[in-house]
Amino acid sequence: MNLPTRPRRPRAGWGWQRMAAACLLAASGVLPVRAEEDAALRAQVEQKLRLAGMLIADSPAAQRIVASGHAEARAHLEEGRAHQAQAAELLARGELAQARKAIDEALRHLGSARRLVPDPAARQAQLQRRHGEMLASTERLIEAWRGRQSELSAQDSADLASATGLLDGSRQQAAQGRHEEAIATLARAEKLLLAGYYRGVQNATLDYTQRADTPAEAYTLALTQYRALADLLPLAVRDLKPAPATLALVERYAAAASALEGQAVQRHHAGDLEQATADLRNAVLQVQRALSTAGLATPAPTGSSP
């Protein structure tokens, strides 16, 4: 006679075995990922170590720093050397995160040392780029003036001729490698052209040396400076024709300046002259940024304090 069999119970601990197996499977996926991350970090640290080693070794930069006698630059070089050695030791022990921190600190010190004792050739290249940018800006401004030749006064025409001569002189100086002099010559040309623009803005006077004796005069002076520059902005945009992306930035600066002027007027009506004047000075800075972005640099206002 066959007796009914009872269902077989799972062995004790079977659920724990299954959970352990699941954990092992999960770990088998995590460990390779972690190993890959460690390998990538190690490679990054090794690459930075090689770079730091090149900068610290008998490279032209290191020789220049040592020969310069610049105490701070030499201190940065030694700090870079120490941190680089520390990073190598940490890497050998497998302490990757600390090794990366040490090598980053080494590169920071080495960068500071190089900036304190710049490469003459690199500086000349930087001056050459700066001259090229200023030359292009001044050329555009001169062409804009020539397009309005019939509107120019005798003084404007004389300034245009002088600015053109300075432009030619700047080109010659740059061709001879005298880029600092060439930049200074272009700055004089820009000053002449800018002065002419100022004279042409509805006979407004931009007196950057005028001083105010009272808070009320300080407000009036700041308002005059702002409105003269704001009137200049559409002329600069019309004549210099900035690119669409640049024009959008010019308009944002101009909108900020206009909002500050409106705020200043409200505060003036409320009797808060000090804050109203501060708002106007900020408006002047914003419209100057707009002019500079459009391609016309303006001098910083002076003499506006009461």
Side-chain angles (χ1 to χ4, degrees), residues 55 59-77 80 108-146 155-199 206-209 229 232 236 239-243 246 249-250 253 284-285 287-303:
L55 295 174
S59 66
Q63 293 174 9
R64 187 173 66 250
I65 293 165
V66 172
S68 70
H70 196 299
E72 186 178 354
R74 294 179 69 172
H76 277 299
L77 180 62
R108 186 182 70 81
H109 280 289
L110 294 171
S112 297
R114 287 163 65 90
R115 285 192 295 273
L116 288 169
V117 187
D119 182 358
R123 174 166 172 73
Q124 282 301 312
Q126 183 181 19
L127 290 171
Q128 187 173 3
R129 286 193 299 273
R130 173 62 178 150
H131 176 262
E133 293 168 357
M134 289 184 66
L135 185 67
S137 173
T138 308
E139 286 174 340
R140 288 195 303 269
L141 199 53
I142 285 177
E143 286 305 312
W145 271 53
R146 286 174 177 163
Q155 180 64 59
D156 291 339
S157 297
D159 285 349
L160 176 59
S162 297
T164 303
L166 288 168
L167 184 73
D168 293 338
S170 177
R171 285 198 189 97
Q172 294 176 5
Q173 290 168 335
Q176 297 167 2
R178 297 153 54 198
H179 292 104
E180 288 190 69
E181 294 178 51
I183 288 171
T185 301
L186 281 179
R188 293 200 299 274
E190 286 183 344
K191 185 176 180 180
L192 281 173
L193 296 168
L194 185 61
Y197 261 111
Y198 285 161
R199 285 195 300 271
L206 278 183
D207 184 1
Y208 281 83
T209 61
L229 287 170
L232 177 58
D239 291 338
L240 298 176
K241 298 178 177 61
T246 302
L249 184 56
V250 169
Y253 283 134
V284 167
L285 291 176
V287 78
Q288 283 183 314
R289 287 172 183 157
L291 286 164
S292 178
T293 302
L296 182 62
T298 62
T302 59

Nearest 0.5 Å, what's the [atom1]-[atom2] distance between [X] and [Y]?
X	Y	atom1	atom2	value
Gln128	Ile183	CD	CD1	10.0 Å
Leu192	Thr138	CG	OG1	11.0 Å
Ile142	Glu190	CD1	CD	9.5 Å

**Asked** Should Leu167 and Leu135 count as side-chain neighbours, where that means a heavy-atom distance under 4.5 Å?
**Response**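 Yes, side chains in contact.
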
List the atom of [X], the atom of [Y], and the distance in Å for their closest heavy-atom pair.
X	Y	answer
Leu186	Ser170	CG-OG, 3.2 Å
His179	Ala174	NE2-O, 3.6 Å
His131	Ala182	CD2-CB, 3.4 Å

**Residue among Leu116, Leu110, Val117 satisfying side chain to side chain contact (heavy atoms under 4.5 Å, CB included) with His76** =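 Testing each of Leu116, Leu110, Val117 against His76, the sole residue satisfying side chain to side chain contact (heavy atoms under 4.5 Å, CB included) is Leu116.
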
**Item:** Test item: Thr185 side-chain N/O and Glu181 main-chain N/O as donor-acceptor pair under 3.5 Å
**Value:**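 A pair under 3.5 Å: yes.
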
**Message:** Test your reading of the model: is there a side-chain donor-acceptor pair from Ser292 to the backbone of Gln288, 3.5 Å cut-off?
**Reply:**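 Checking the backbone N and O of Gln288 against the side chain of Ser292, no donor-acceptor pair under 3.5 Å is found.
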
**Request:** Show the numbers, then the answer: is there a side chain to side chain contact (heavy atoms under 4.5 Å, CB included) between Ile65 and His70?
**Result:** CA-CA 7 Å; Ile65 293 165; His70 196 299; over 6 Å; no

**Prompt:** What do the steps show when you test Asp159 against Gln155 for side chain to side chain donor-acceptor pair (under 3.5 Å), and what is the final call?
**Reply:** CA-CA 6 Å; Asp159 285 349; Gln155 180 64 59; 3.1 Å; yes

